[in-house]
Amino acid sequence: MTSDNDRRRGLLARLRGRPVARSRGRRRLGAAVRLVAALMLAGGAYTVLAPGASAQENPPLSSAAADGKALFDVSCVSCHGRNAQGIEGRGPSLIGVGAASVEFQVGTGRMPMARQEAQAARKPVVFKPDQIDQLAAYVQELGGGPVVPAGDNLQAGGNIAIGGELYRINCSQCHAFSGGGGALSSGKYAPSLAPATDRQIYAAMLSGPQNMPVFGDNQITPEQKADIIAYIQQTLKEQGDPGGFNLGRYGPSTEGVAIFLVGIVALVFASLWIAGKS
């Protein structure tokens with residue numbers, strides 16, 4: 001009797017457990033179906049919305065920038081990379097340098113470089129003015145950066161006296177007091193300011209080419225930049241050399257050599273003359 005009762009109880013327990021097992025299996029199956037549906041819905045939404053998001057992150061180039069990209073792909077990509085990210089040992093990244101850097105480097109013929117040197121020298125300009133503007137627009141839209149204000153006269157309203165003081169404090173150590181430039185370390189040099197235009201001087205202050213530090217608007221305000229440009233253009237370039245022969249305007253080094261040579265020669269001849277008279 002005991003064994004029969006046990007068998008009956010086990011059978012009843014198994015019969016009672018089947019609906020419970022079936023209900024658990026259905027719930028798990030339903031959860032799996034819902035999960036797959038949710039993943040499909042999320043994937044569909046991403047497929048629909050992703051192109052719009054990428055389009056907003058990478059807006060289309062303007063007409064000028066598109067023309068600049070075509071020029072860049074022909075003349076600059078071999079050194080600066082396909083996306084202007086730079087190539088080690090060839091050329092730096094152009095992301096963030098802005099239109100000011102392009103205007104200075106390309107507008108003075110320093111770029112494109114014929115070969116790797118300690119410093120890019122000023123050369124005849126390769127590109128036309130409108131092509132330079134297109135290259136500058138492309139680099140600007142690619143990564144942003146400083147931009148030179150519009151117009152060719154950037155010294156309007158500049159104070160020459162203040163500009164001279166700012167020049168002597170910030171620029172004369174490298175470009176010399178006369179603006180003739182000077183030698184630096186490792187084969188580099190500060191170029192002469194004689195051929196520089198208002199825009200080129202402004203672009204150089206914004207971009208800091210070669211060894212030159214960057215003078216952003218936080219360091220030297222736009223008004224002070226106009227003062228410096230006015231001093232360079234109206235004083236260093238237009239005024240003559242009241243002392244006579246300027247010896248290349250290289251500063252005290254050439255003046256000291258000239259004075260030494262002239263003085264020694266004069267003393268030798270004076271000594272010979274005195275000796276002859278005596």
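Both backbone and side-chain heavy atoms feed into the values below; hydrogens, waters and symmetry mates do not.
Taking a 4.5 Å side-chain heavy-atom cut-off between Ile, Leu, Val, Met, Phe, Trp and Tyr, the cluster of Val265 extends to Phe269. Grouped by direct or indirect side-chain proximity (heavy atoms under 4.5 Å, Ile/Leu/Val/Met/Phe/Trp/Tyr only), Leu35 sits with Leu39.
Of all the heavy atoms in Val148 and Ala100, the pair that sits closest is CG2-CB, 3.8 Å. Across every non-hydrogen atom of Ile87 and Val77, the tightest pair is CD1-O, 4.0 Å. Closest non-hydrogen pair, Cys79 versus Arg90, comes out as O-CB, 3.8 Å. Here the shortest heavy-atom pairing between Val214 and Gln219 reads O-OE1, 4.2 Å. What you find for Gln116 and Met113 is that their closest heavy atoms are CA-CE, 4.2 Å. Nearest heavy-atom pair, Tyr231 versus Phe177, reported as atom, atom and distance to 0.1 Å: OH-O, 4.4 Å.
The cluster map of Ile, Leu, Val, Met, Phe, Trp and Tyr, joined by side-chain heavy atoms under 4.5 Å apart, puts Phe127 and Met111 in the same cluster. Put simply, Val147 and Tyr202 are part of two different groups of oily side chains (I, L, V, M, F, W, Y) that touch within less than 4.5 Å, one to the next. Follow the hydrophobic side-chain contacts under 4.5 Å out from Leu184 and you never reach Phe215; the two are in separate clusters. The hydrophobic cluster containing Leu142 does not contain Leu206, counting ILVMFWY residues as joined when their side-chain heavy atoms lie under 4.5 angstrom apart, directly or transitively. In this structure, Val268 is a member of the same hydrophobic cluster as Phe260, with clusters built from ILVMFWY side-chain heavy atoms closer than 4.5 Å.
Under the 3.5 Å distance criterion, the side-chain polar atoms of Lys237 are matched with a main-chain donor or acceptor of Ala194. With Gln131 contributing its side chain and Lys128 its backbone, the two residues share a donor-acceptor pair below 3.5 Å.
Between His175 atom NE2 and Ile232 atom CD1 the span is 7.5 Å, to the nearest 0.5 Å. Separating the CG atom in Leu236 from the CD1 atom in Ile228 is a distance of 11.5 Å, to the nearest 0.5 Å. For the atom pair CG (Leu135) and CD (Gln140), the distance works out to 13.0 Å, reported to the nearest 0.5 Å. Between atom CD1 of residue Ile132 and atom CZ of residue Phe104 there is a gap of 12.5 Å, rounded to the nearest 0.5 Å. Here the straight-line distance linking atom CZ of Arg110 with atom OG of Ser101 works out to 11.0 Å at 0.5 Å rounding. Distance CG/Asn83 to CD1/Ile95: 7.5 Å, rounded to 0.5 Å.
Under 3.5 Å, the side chains of Arg122 and Gln200 contain a donor-acceptor pair of N or O atoms. Residues Thr197 and Arg199 have side chains that never bring a donor and an acceptor to within less than 3.5 angstrom of each other. Checked by atom type, the side-chain pair Ser62/Glu141 shows a donor-acceptor distance below 3.5 Å.
Annotation: ring-ring contact (aromatic ring centres under 6.0 Å, His included) contacts involving residues 179-200, sequence neighbours excluded, are absent.
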Salt bridge (Lys or Arg N to Asp or Glu O under 4.0 Å) assessment of Arg115 paired with Glu117: CA-CA 6 Å; Arg115 59 185 180 275; Glu117 295 177 318; 3.0 Å; yes
Derivation of the side chain to side chain contact (heavy atoms under 4.5 Å, CB included) call for Val102 and Leu94: CA-CA 9 Å; Val102 177; Leu94 300 181; 5.7 Å; no
Candidate pair Asp227 and Ile160, rule side chain to side chain contact (heavy atoms under 4.5 Å, CB included), full reasoning: CA-CA 6 Å; Asp227 297 336; Ile160 297 177; over 6 Å; no
Chi angles and distances behind the side chain to side chain contact (heavy atoms under 4.5 Å, CB included) call for Ser207, Val97: CA-CA 7 Å; Ser207 60; Val97 301; over 6 Å; no
Worked verdict on Leu261 versus Val257 for side chain to side chain contact (heavy atoms under 4.5 Å, CB included): CA-CA 6 Å; Leu261 294 177; Val257 171; 3.9 Å; yes
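Considering Lys225, Glu223, Met205, Gln224 as possible partners of Asp217, the one that fulfils the side chain to side chain contact (heavy atoms under 4.5 Å, CB included) test is Lys225.
Counting non-hydrogen atoms of neighbouring residues, nucleotides and ligands closer than 6.0 angstrom, the CG atom of Asp130 exceeds 12 such neighbours.
With contacts defined as side-chain heavy-atom distances shorter than 4.5 Å, the pair Ser192/Pro195 qualifies. The shortest distance between side-chain heavy atoms of Phe72 and His80 falls below 4.5 Å. For the pair Pro191/Gln119, a side-chain contact is recorded, criterion being any heavy-atom separation below 4.5 Å from C-beta on. Counting heavy atoms from C-beta outward, Asp67 and Lys69 have side chains that stay 4.5 Å or more apart.
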